[in-house]
Number of protein chains: 4
Amino acid sequence: MPEKPPKFRRRAEARPDEVLDAALALFVERGYAATKVEDVARRAGVSKGLVYLYFPSKEALIEGIVLRAVTPVADRAIAEISSFEGHPRTAISTVMRFLVMRLSDPQVMAVPRLIMREVAQFPHIAEMYRREVLDRVIPVLRERLQRGMDAGYLRPHDPDLTLRSVIGPLVLHVMLAEIFGIRPEDGLAFDRLVENHLSILFDGLSAREDTK
Amino acid sequence: MPEKPPKFRRRAEARPDEVLDAALALFVERGYAATKVEDVARRAGVSKGLVYLYFPSKEALIEGIVLRAVTPVADRAIAEISSFEGHPRTAISTVMRFLVMRLSDPQVMAVPRLIMREVAQFPHIAEMYRREVLDRVIPVLRERLQRGMDAGYLRPHDPDLTLRSVIGPLVLHVMLAEIFGIRPEDGLAFDRLVENHLSILFDGLSAREDTK
Amino acid sequence: MPEKPPKFRRRAEARPDEVLDAALALFVERGYAATKVEDVARRAGVSKGLVYLYFPSKEALIEGIVLRAVTPVADRAIAEISSFEGHPRTAISTVMRFLVMRLSDPQVMAVPRLIMREVAQFPHIAEMYRREVLDRVIPVLRERLQRGMDAGYLRPHDPDLTLRSVIGPLVLHVMLAEIFGIRPEDGLAFDRLVENHLSILFDGLSAREDTK
Amino acid sequence: MPEKPPKFRRRAEARPDEVLDAALALFVERGYAATKVEDVARRAGVSKGLVYLYFPSKEALIEGIVLRAVTPVADRAIAEISSFEGHPRTAISTVMRFLVMRLSDPQVMAVPRLIMREVAQFPHIAEMYRREVLDRVIPVLRERLQRGMDAGYLRPHDPDLTLRSVIGPLVLHVMLAEIFGIRPEDGLAFDRLVENHLSILFDGLSAREDTK
DNA sequence: TATGAATGAGCTTTCATTCAT
DNA sequence: AATGAATGAAAGCTCATTCAT
């Protein structure tokens with residue numbers, strides 16, 4: 001009778017994170033619905049029961065992933081936006097480049113990818129995301145646009161709608177790539193996207209009449 | 001016991017459409033996963049078996065909805081974009097206003113709402129949507145931007161990336177509203193969104209140096 | 001490839017009862033907790049899913065069993081008690097003998113056996129049993145005792161407590177037999193129990209002083 | 001950081017009893033099935049593992065509770081019954097009043113409450129209860145009834161069946177109260193129950209013909 | 001002694017799909 | 001063309017029990 005290997009390995013502190021890593025990988029790979037809790041457990045090298053020791057439900061896994069990943073990014077983005085004085089172009093450009101740099105790390109990109117694919121299914125998580133990210137980032141961004149307008153740097157506009165013009169293209173770019181597989185020939189090309197977008201955003205698409 | 005005759009017998013050909021209507025309503029109301037085929041049947045006033053007579057699977061229902069709704073809109077948008085000559089601002093503005101007018105009809109809006117919520121779950125449908133809509137609209141739009149650039153109406157840019165700047169804000173606006181419940185105080189405010197966006201898109205956000 | 005036998009057999013009307021019969025048999029045999037819904041289905045010769053077509057949950061099976069079996073008996077007992085005039089001894093004796101006759105049918109006895117074993121676990125069912133049986137039988141019995149007392153047939157007593165003296169011995173007899181396996185050598189001996197009990201109940205256990 | 005020393009260290013020997021106390025409280029509160037071993041541990045202020053050090057299984061907890069509580073009562077009841085000479089009415093009345101006094105202590109009452117609710121589920125425990133209590137008390141009681149009959153104090157009857165008439169009402173009274181929530185308006189009213197029952201038991205319910 | 005992280009068999013319930021009628 | 005009874009695979013979750021520490 002061969003020796004059975006020890007069943008246990010105590011790593012209480014690391015475990016929840018390991019489980020979350022496994023879940024993230026699988027959810028991105030095959031989607032939330034198609035992933036069984038047992039798969040997550042197997043991937044994390046633990047038993048099904050252990051997953052439920054740390055997370056009360058399968059849905060809590062997605063919640064945990066999003067919460068873990070998203071808050072720091074939001075914090076950073078807010079800090080970045082707020083810190084800059086002067087022309088908002090600098091602030092927005094910096095934040096956007098920072099975001100893009102972070103997103104270029106596939107490990108990091110996995111989360112927006114997941115959010116994009118699944119969040120709409122889970123009102124609970126959508127709400128959490130709104131609370132943790134959108135409700136914090138949007139006001140800061142809106143206020144920054146307002147200040148830029150008040151200071152005469154930006155043309156008059158509705159800041160609440162303008163922020164859709166600021167962020168929307170980035171969101172659509174990721175959606176096209178992740179959901180529909182439509183991306184530039186040289187990959188995600190985040191850098192080029194941002195440069196192209198910022199140029200349009202601030203200077204407009206129209207050829208200047210005086211330079212025409 | 002005399003048979004109570006139906007007042008008038010529905011033409012059989014209308015049936016699939018009625019099933020699709022019922023499915024659309026329910027999918028939007030409670031989501032695809034939470035909707036049972038039996039619910040769809042009941043709502044359409046037919047039996048479960050009949051649904052399967054017209055559609056081979058539950059997924060085929062979503063497919064049918066998207067296909068039915070999306071192709072005409074794409075056709076129309078393509079025609080619109082292509083037909084305009086001169087400054088592309090006119091073409092893009094017209095298409096966007098047309099889209100927005102259509103989307104303001106809740107009946108029509110239901111479909112993008114559904115797509116937004118569910119399409120990511122179904123690679124099959126995502127692919128179909130890409131094929132039927134994106135692969136047809138994107139090239140036309142790209143080419144129009146290219147022409148505008150060639151003709152000197154538009155500043156130099158990468159048309160492939162620029163179209164994200166054109167469409168992205170609209171997509172984000174709908175997402176914020178539908179998924180996260182974030183919308184302007186006066187409702188969806190599509191008109192104001194489009195005006196604000198078009199102004200930025202073509203003239204930029206920056207105050208003109210010469211007018212400063 | 002051998003012919004697969006037809007999967008279906010349509011007997012919609014009989015099915016719920018067949019399922020209940022199977023459930024009753026198994027619950028009595030091995031207890032509620034130890035019986036899987038799948039076992040019930042197999043015993044009834046149907047699929048697991050069918051059970052859930054007629055009964056929303058496993059617990060609903062017990063509920064269904066009790067409800068089906070118990071209401072008619074309660075009805076009959078009430079009618080019996082109410083109908084008799086004169087000395088309540090006759091009424092009570094008749095009812096008790098009727099009950100005992102019914103209980104001697106193992107098919108019928110199965111239900112009290114089940115109630116005795118499981119009902120305490122299910123507040124929901126206990127409540128239903130109280131509502132359907134106890135709340136209907138107890139007032140009738142109490143009132144009968146009261147009338148017997150008013151008419152001078154019975155010595156003064158508290159009818160509410162007395163009915164425990166009337167019914168209790170029967171209950172204990174069944175409990176001893178079913179739960180603890182303690183029963184007279186000649187089996188359940190319901191008849192002898194009832195005669196013995198009725199004699200004590202009405203005439204007392206004490207030897208009459210005047211006959212001593 | 002200095003260790004906060006426990007005020008006094010519980011003697012290890014008290015532990016099993018404390019665990020049993022916790023288990024009893026929880027089993028009565030929410031039932032055996034709904035109580036997790038971990039709950040018991042927490043309530044007892046020990047770890048889950050320790051419970052298993054003292055009791056080999058969850059079922060052993062119930063067994064321990066019943067065993068601990070029931071033997072002394074049985075012993076006492078047996079002694080009481082045996083000790084009395086003369087009219088068995090005195091013996092039975094005394095025992096019954098003693099029982100009732102004990103049962104009025106909620107701490108004590110908890111055990112019959114538990115037995116009533118759960119014992120039927122556990123053949124093992126039912127058997128133990130039969131062995132420890134019923135097999136010891138019943139013969140004594142039966143023999144006492146027999147002696148009372150032989151001595152001419154009691155009318156002729158079958159002592160084996162009569163003891164059901166003696167004990168049954170008490171059992172039913174507790175069942176109605178505990179399982180179905182049916183009890184006299186002034187609470188359990190054990191005293192009144194016993195007086196009412198003893199009067200019927202010995203003197204019968206019928207009005208004496210000669211006093212009528 | 002004492003802990004509590006870890007296990008995993010087991011069970012209820014759901015629902016898309018089938019097909020006899 | 002139409003029905004709806006019947007199927008059964010599939011998956012989330014629980015919790016008594018174990019054992020490395």
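Naming convention: chains lettered A, B, ... in sequence-line order (proteins, then strands); numbering from 1 in each chain.
For L50(A), taking side-chain heavy atoms from C-beta onward, the closest of the listed nucleotides dG12(F), dT7(E), dA6(F) is dT7(E). Nearest to the side-chain atoms of L53(A) among the listed nucleotides dA16(F), dA6(E), dT18(E) stands dA6(E).
Annotation: salt bridge (charged side-chain N to carboxylate O under 4.0 Å, His left out) contacts involving residues 45-64 of chain B, sequence neighbours excluded, comprise E38(B)-K48(B).
Nearest-nucleotide mapping onto DNA chain F: of V51(C) and K36(A), the residue sitting toward the 5' end is V51(C). Place A33(C) and G49(A) on DNA chain E by their nearest nucleotides, and G49(A) ends up nearer the 5' end.
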V51(A) and L61(A): CA distance, side-chain angles, deciding distance, side-chain contact (heavy atoms from CB on, under 4.5 Å) verdict
CA-CA 9 Å; V51(A) 174; L61(A) 287 173; 4.3 Å; yes

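The interatomic distance linking K58(B) (NZ) with dA10(F) (P) rounds to 17 Å, in whole Å. If you take OH of Y32(C) and P of dC11(E), they are 13 Å apart, rounded to a whole angstrom. E59(B) has its CD atom 14 Å from the C1' atom of dT17(E), to the nearest Å. Per the geometry, CZ belonging to F55(C) stands 15 Å off C1' belonging to dA6(F), to the nearest Å. The distance between atom CZ of R30(C) and atom P of dG10(E), rounded to the nearest whole Å, is 14 Å.
The side chain to side chain contact (heavy atoms under 4.5 Å, CB included) check on Y52(C) picks up V37(C), with sequence neighbours excluded. Residues satisfying the side chain to side chain contact (heavy atoms under 4.5 Å, CB included) criterion with R117(C), sequence neighbours excluded, are R113(C), E178(C), A120(D). Under the side chain to side chain contact (heavy atoms under 4.5 Å, CB included) criterion, A69(C) pairs with V111(C), not counting sequence neighbours. Contacts of F180(C) classified as ring pair (Phe, Tyr, Trp, His ring centres under 6.0 Å), with partners at least two apart in sequence or in another chain: Y129(D). For E127(D), there are no salt bridge (charged side-chain N to carboxylate O under 4.0 Å, His left out) partners at least two apart in sequence or on another chain. With sequence neighbours left out, the side chain to side chain contact (heavy atoms under 4.5 Å, CB included) criterion links L67(B) to T71(B), M128(B), E132(B). Residues forming a side chain to side chain donor-acceptor pair (under 3.5 Å) with E29(C) (at least two apart in sequence, or on another chain): R43(C). The salt bridge (charged side-chain N to carboxylate O under 4.0 Å, His left out) search around R30(B) returns D39(B), not counting sequence neighbours.
Here Y52(C) does not reach the OP1 or OP2 of dT14(E): none of its side-chain N or O atoms lies under 4.0 Å away. Listed pair R15(B) / dA1(F) fails the phosphate criterion, with no side-chain N or O lying under 4.0 Å from OP1 or OP2. OP1 or OP2 of dA2(F) lies within a sub-4.0 Å distance of a side-chain N or O belonging to Y54(B).
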Represent DNA chain F in dot-bracket notation, 5' to 3'. Only Watson-Crick or G-U wobble pairs with both distances under 3.5 Å count; pseudoknot-style crossings use [ ] and interstrand partners use |.
.||||||||||||||||||||

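In summary, of the residues considered (D21(A), V19(A), L20(A), L24(A)), a side chain to side chain contact (heavy atoms under 4.5 Å, CB included) with V40(A) occurs for V19(A) alone.
Remark: V37(C), K48(C) in residues 37-48 of chain C come within less than 4.0 Å of DNA chain E through at least one heavy atom. Of all the residues in residues 117-125 of chain B, not one reaches under 4.0 Å from DNA chain E with any non-hydrogen atom.
Rounded to the nearest 0.5 angstrom, I62(B) CD1 and I115(B) CD1 are separated by 9.0 Å.
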